[in-house]
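Values reported hereafter were calculated over all heavy atoms of this structure, with side chains retained and with hydrogens, waters and symmetry mates removed. Below, chain A is the first sequence line, B the second, and so on; all start at residue 1.
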Amino acid sequence: MLGMLKRTERAIDAIMQPIVFAAMVALIVVITLQIISRVFFTAVGWTEEVARFLLVWITFMAATLAFQRGRHIAVSFVVNALPVRIRQVARILAVAIALGFMIALVLIGYRYTQVQSFQTSASLGWSMTYVYSIIPVCGALMSWYAFVDLVELVAEGPDFAETGSDISDPPP
Amino acid sequence: MTALLFVLFFLFMLLGVPIAVSIGASTMAALYFQGVPLMVVTQQMFQGINSFALVAVPMFILAGDLMAQGKVSEKLVNFADSLFGFLKGGLSIVAVLAGMFFAAISGSGAATTAAVGSSLVPELRKKGYDPAAAASLIAAAGTIGVVIPPSVPMIIYAVIAQQSVSKLFLNGFIPGLIMGLGLMTIAITQAYRRNYPRGTALSLATIWRTLKSASWGLMTPVIILGGIFSGIFTPSEAAVVAVNYALLVSLFIYRDLKLPDIYRILIRSAITTAVIMFVIATSAVLSWTLSSWQIPGAIAESVLSLSTDPYIIMLLVVGIILLTGVFIETASALIILTPVLLPLVLQLGIDPIHFGLIIVVGLAIGMITPPVAINLYVASSVTGLPLERITRAIVPYLLGLITVLLLVVYIPIFLGISG
């Protein structure tokens, strides 16, 4: 059962990675295009908007990768100093809080996309519903990861699921 | 309501909830009990990161990662060695100088520590330098990575404080230089006490040869900073130019990275970015909430009712920055502290650019103060030494950098050039 849940995590992650890669490449290409067109031809208006939206999308999509790897910055030295039983309770509480926040993000985010459905982006005229939809979608993915972590913590003890790490860069 | 928010925030944070979620969840709870429609949460999260200036964050992280993985750092170290290796304890100077070179390419302290550490540590070992002292020196030199431009924390500060990224970059050189000179002075003193050897003899031919092979790396800051300060590029565009340049150099000139490496590095940089940006997103909700309750103004007022002497208040501010840096990672600390401290220092007449330098240098020092000390972790993983040994050896460098911070705070106030 737990093995199957872990496999769903890895499957989702394997789908998200190439999408994040593509978004990063797109960001590089779009701004390169912006520079080339401005320096050699005339400035195009839409590149800045696309770059901003790509940044938002990369943030939420790569946040799911970071969540799955336990890379979001957390103060873990306090919990690590606790005795095993209390540590397990603390970890379960922490993951439950994260799960609650992510579920709230899905619900609020979904409502937000609905309310803003008449709105279009300033330069390309895209419907903002699509742009905002990354929030509930990635919120849902992180809810699932948090749920799997919760099951794992209850089943296996406090030292299995990582909720976060103290530092932002993984050592090279 | 403010009390509820802060109690929940600290409770969540100490439980080990990711800081971004601790901020978001505690703010959301407070807004819910206040009866504010919660749609403001997603709205502010989106607004907080929907910024063209912040595009520079992933791109400078990526450029630094690409350069740190390849041969660029090795060539910079060789060049620095040809200049100063002949001195007694010269490799220590080389470590700091290479850190300063790399700081001008990368915007992150960890990348700078990793780049210098991985190419210099074997050499330091071979020459009989005390490994813990060498590792801690490299970690300390890594802090310069966020002070000499480009700098990810400076970009974040500029966006929160609504200041010009270029202006902050331009003013980062002098503090970065002083940090470097301070560390070199301490390192040379230690070299004489421990009787460290001299390295390669000084030779113009070697300098020329290493300069030529390092020139691809050394060109990076010329392109990035020259482009920004001449007004050809915005900082975000310059960051993308740096990425393209780093890709070109590593794929076609040094040929030290293959396409699978590029894929891996892009994903890694995206994750590092998301971790920082997600904190920025939820913090945007927090700052919106705090300013709608007029909290930052109230804090400023109550602190200023104690004293209005800028010398005393700034000492308090520096203490808060250093203490926060001990426990919280740089970007998160910056995002939490800036909206609270900025209104206070503005009322003292401190220039917002000057305060940006203070908070960035102060939090850079936090990169070498455990328990949360990214540069020490990186130095430990590069050298394989336990964290405790590196931590003991960091003390003299730490004191040196705090001295530099106090100079950065007080000299402009004393000269009256701050605001």
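- Within 6.0 Å of CZ in A:Phe147 there are 12 or fewer heavy atoms belonging to other residues, nucleotides or ligands.
- Counting only heavy atoms from C-beta outward, the side chains of B:Val243 and A:Ile31 never approach each other to under 4.5 Å.
- Only the side chain of A:Leu55 comes within less than 4.5 Å of a heavy atom in chain B; its backbone stays farther off.
- Interface remark: B:Ile267 contributes side-chain atoms only to the contact with chain A (heavy atom separation under 4.5 Å).
- For B:Met28, the part lying near chain A is the side chain, with the backbone staying farther off; criterion is any non-hydrogen pair under 4.5 Å.
- Of the listed residues B:Tyr263, B:Phe278, B:Phe12, the one with more heavy-atom pairs under 4.5 angstrom with chain A than any other is B:Tyr263.
- B:Ser380 does not touch chain A: none of its heavy atoms, backbone or side chain, sits under 4.5 Å away.
- A 4.5 Å side-chain heavy-atom check between B:Leu286 and B:Leu5 finds at least one atom pair inside the cut-off.
- Under a 3.5 Å cut-off, the side chain of A:Thr113 and the backbone N or O of A:Thr129 do not form any donor-acceptor pair.
- Without hydrogens or angle criteria, A:Glu152 side chain to A:Leu2 main chain gives no donor-acceptor distance under 3.5 Å.
- Residues of residues 105-112 of chain A placed with any heavy atom under 4.5 Å of a heavy atom in chain B are listed by number as A:Leu105, A:Ile108, A:Gly109, A:Arg111, A:Tyr112.
- Nearest heavy atom pair, residue B:Phe233 against residue A:Arg38, reads CA-NH2, 4.3 Å.
- B:Thr143 places no side-chain N or O within 3.5 Å of a backbone atom of B:Ala364 that could act as its donor or acceptor partner.
- Among A:Ile28, A:Val25, A:Leu93, the residue with the largest count of heavy-atom pairs under 4.5 Å with chain B is A:Ile28.
- Along residues 132-144 of chain A, the residues that come nearer than 4.5 angstrom to chain B, judged on non-hydrogen atoms, are A:Tyr132, A:Ile135, A:Met142 in order of number.
- Proximity of a side-chain donor or acceptor of B:Glu237 to a complementary backbone N or O of B:Thr234 within less than 3.5 Å is detected.
- Checking side-chain atoms of A:His72 against main-chain N and O of A:Ala66 turns up no donor-acceptor pair under 3.5 Å.
- Counting non-hydrogen atoms of other residues, nucleotides and ligands closer than 6.0 Å to CZ of A:Phe41 gives a total of 12 or fewer.
- Contact count against chain B (heavy-atom pairs under 4.5 Å) is highest for A:Ile35 among A:Leu65, A:Ile58, A:Ile35.
- Counting heavy-atom pairs under 4.5 Å between each of A:Val39, A:Thr64, A:Leu54, A:Thr32 and chain B puts A:Thr32 at the top.
- Only the side chain of B:Val240 comes within less than 4.5 Å of a heavy atom of chain A; its backbone N, CA, C and O stay farther away.
- No side-chain heavy atom of B:Ile138 sits under 4.5 Å from any side-chain heavy atom of B:Val382.
- Using a 4.5 Å cut-off between heavy atoms, B:Leu11 makes no contact with chain A at all.
- In this structure, the portion of A:Met102 lying under 4.5 Å from any heavy atom of chain B is its side chain and not its backbone.
- Neither the backbone nor the side chain of B:Met367 comes within contact range of chain A, judged by heavy atoms closer than 4.5 Å.
- Contact tally against chain A (heavy-atom pairs below 4.5 Å) for B:Val279, B:Asn244, B:Thr273: the top residue is B:Asn244.
- Within the structure, side-chain hydrogen bond (donor to acceptor under 3.5 Å, both in side chains) pairs that include any residue of residues 39-57 of chain A comprise A:Gln34-A:Thr47, A:Glu49-A:Ser121, A:Arg52-B:Asn50 (at least two apart or interchain).
- For a residue to count as touching a neighbouring chain, one of its non-hydrogen atoms must lie under 4.5 Å from one of that chain's; by this rule B:Ser51 touches chain A with the backbone only.
- Panel note: side chain B:Thr272, backbone B:Arg268; a donor-acceptor pair is recorded below 3.5 Å.
- For B:Met59, the part sitting under 4.5 Å from any heavy atom of chain A is the side chain, from C-beta outward, and nothing else.
- B:Asp65 CG to B:Met67 CE: the interatomic distance, rounded to the nearest 0.5 Å, is 11.5 Å.
- For the pair B:Thr282 (side chain) and B:Ala20 (backbone), a donor-acceptor distance under 3.5 Å is present.
- The two residues B:Ile276 and B:Ala331 have their closest heavy-atom pair at CG2-CB, 3.7 Å.
- Comparing A:Val131, A:Val78, A:Val56 by how many heavy-atom pairs each has under 4.5 Å with chain B, the most go to A:Val56.
- Among pairs with a residue in residues 13-29 of chain A, those fulfilling side-chain hydrogen bond (donor to acceptor under 3.5 Å, both in side chains) read A:Asp13-A:Gln17, A:Asp13-A:Arg69, at least two apart in sequence or across chains.
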